[in-house]
Amino acid sequence: MTPAPHWQRDVDLSGANTLRLPAVASRFAAPKTHDALAACVRDARERGLSLHLLGGGSNVLLPARLSGAVIRPRLNQWWLHAHHDGVMAYVGAGVNWHSLVMALAKRELWGVENLALIPGDCGAAPVQNIGAYGVELADVLDGVQVMSRDDETLRWLSRDACAFGYRDSVFKRALAGKVIITQLALRLSRTPRPVLGYGDLASRVSKRPSSLEIAQRVCDIRRQKLPDPAQLANAGSFFKNPLVSAQKAAQLLTLHPDMPHFAQADGRYKVAAGWLIDQCGLKGARFGAFGVHAHQALVLVHFGSGDRDELLQVAEQIATTVQARFGVALEIEPRCL
Ligand code: EPU
């Protein structure tokens, strides 16, 4: 016997998204087991309800009303398994990402220390392939367990099957709306593998840093630049860093020799959206209930009383300004539910 789904009705989600956009879910459930999750998925399907998955709410743009059903998986178990060349961490989708990173770093395990202080649940991490300070989830992920929304069966996807790219994965494409991420398998190392090439990270750590020291320095850097959602509502980077052709990058560099740019394996260049917005004089700019963060122009902040439509208009205005000045298109990073 599977448990009966437990739906709460008309649930206020304004505190469940870090941008604090006003949002009400017609039905909401937070299942703690695979069986309870399967019961919710089946019930929503049988009732013909559209189903929305919510994690930590740190990378979503919620509408005022979410009809259908919203599920926040609370699969909060994780454990370690010794492996021939390291340690595998099996992590439930509901585990808080930052707590996991710190717990692994305290055990002197290597692999995710550069990804400290990224907000959100582990289940959301593969969707956008979270990345920071020279490391992406794809670098350590071994596989993802998913539940089918059609028949609630569980299966494991290999890392290759996840088709990871920069802030991109199969979960935003072919599998969008088809599966629910239930568990991650992360391949960690006991041998030190510091990745210190990004920005000034190397100059902030000791000669032979522990993974915990690196995680702590990454937290320091993030706290300097990025607003704490508990103090000032935001969803981290609001735009992706755009990829431009080598020709376009050369053209931009002729005009702006100091423009930050990063060569990609495919010959294109990634340019810093924060720098582009900053150069347009928009850092710290206020647009009604929203604004461009004063320390990092890639982050939009919400001062209260705004909604998603207004935020999308502000984003459009910023993108239009950048397009007119640099001829580069910006793409929004958080997911519109
Ligand atoms: N810059 C400016 N002005 C700004 C912001 C940035 O000139 O207002 C310049 C910086 O000086 C630097 C370059 O742009 O030369 C890149 O800036 P930064 O190192 O702060 O990183 P980012 O490209 O703006 C990305 C990720 C962040 C991640 C950092 C560190 C995306 C969309 N964002 O930001 O991820 O923490 O690199 O790796 O790729 C997130 O996704 O929510 C997020 C915070």
Side-chain angles (χ1 to χ4, degrees), residues 17-19 55-61 97-98 101 112-121 124-139 164-169 172 195-204 214-215 217-229 232-244 249 252-253 256-264 268-285 291-301 315 318-319 321-322 325-326 328-335:
N17 73 104
T18 61
L19 264 164
S58 55
N59 200 45
V60 285
L61 304 180
W97 174 263
H98 173 66
V101 169
V112 289
E113 58 283 354
N114 292 38
L115 304 179
L117 214 60
I118 294 182
D121 291 351
V127 179
Q128 58 151 325
N129 182 22
I130 56 170
Y133 304 100
V135 174
E136 287 183 343
L137 181 72
D139 300 331
F164 288 122
Y166 165 62
R167 296 292 191 272
D168 197 26
S169 73
K172 284 186 171 183
V195 178
L196 302 172
Y198 189 94
D200 60 353
L201 187 54
S203 68
R204 290 176 176 248
I214 294 174
R217 294 298 83 78
V218 165
C219 291
D220 296 342
I221 300 173
R222 289 183 73 96
R223 285 195 181 105
Q224 276 169 15
K225 287 193 186 173
L226 299 167
D228 176 358
L232 184 55
N234 76 90
S237 301
F238 201 85
F239 298 99
K240 290 190 201 180
N241 284 330
L243 293 166
V244 300
L252 287 167
L253 283 164
H256 314 280
D258 57 345
M259 180 184 78
H261 58 289
F262 308 92
Q264 305 296 294
R268 292 187 293 173
Y269 285 81
K270 195 191 270 181
V271 294
W275 184 89
L276 298 172
I277 297 167
D278 197 353
Q279 291 295 305
C280 292
L282 292 172
K283 198 169 183 169
V292 178
H293 185 50
H295 304 305
Q296 163 54 291
L298 198 48
V299 176
L300 300 191
V301 295
I318 293 168
T321 306
V322 167
R325 169 94 189 267
F326 294 102
V328 175
L330 291 187
E331 198 184 320
I332 281 181
E333 213 271 309
R335 240 170 7 114

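Note that ligands are numbered from 1 as they come in the structure, with each ligand's atoms numbered from 1 the same way. Sequential numbering from 1 along the given sequence is applied to the chain's residues.
- Looking at F238, W275, F239, it is W275 that brings a heavy atom closest to atom 9 (C) of ligand 1.
- Contact annotation: for A297 versus ligand 1, heavy atoms closer than 4.0 Å belong to both the backbone and the side chain.
- Listed by atom number, the atoms of ligand 1 under 4.0 Å from Y166 heavy atoms are 31 (C), 32 (C), 39 (O).
- When hydrogens are left out, the protein atom nearest atom 14 (O) of ligand 1 is A272 CB, 3.2 Å; that is the closest non-hydrogen contact.
- Residue-level proximity to ligand 1 for K225 is carried by the side chain, the only part with a heavy atom below 4.0 angstrom.
- Considering backbone and side-chain atoms alike, Y133 places an N or O below 3.5 Å from some N or O of ligand 1.
- For ligand 1, the polar-atom distance check finds no N/O of H295 at less than 3.5 Å from any of the ligand's N/O atoms.
- Across I332 and A315, no two heavy atoms sit closer than the pair CD1-CB, 4.1 Å.
- Atoms of ligand 1 lying under 4.0 Å from any heavy atom of G236, numbered from 1 in the order shown and given with element: 42 (O).
- Between E333 and ligand 1, no pair of N/O atoms sits closer than 3.5 Å.
- Under a 4.0 angstrom heavy-atom cut-off, R222 registers as being in contact with ligand 1.
- Under the rule for a salt bridge (charged side-chain N to carboxylate O under 4.0 Å, His left out), R335 has no partner lying at least two apart in sequence or in another chain.
- Using a 4.0 Å cut-off between heavy atoms, S237 contacts ligand 1 through both its backbone and its side chain.
- With hydrogens left out, the protein atom closest to atom 26 (C) of ligand 1 is R167 NH2, 3.3 Å, a heavy atom.
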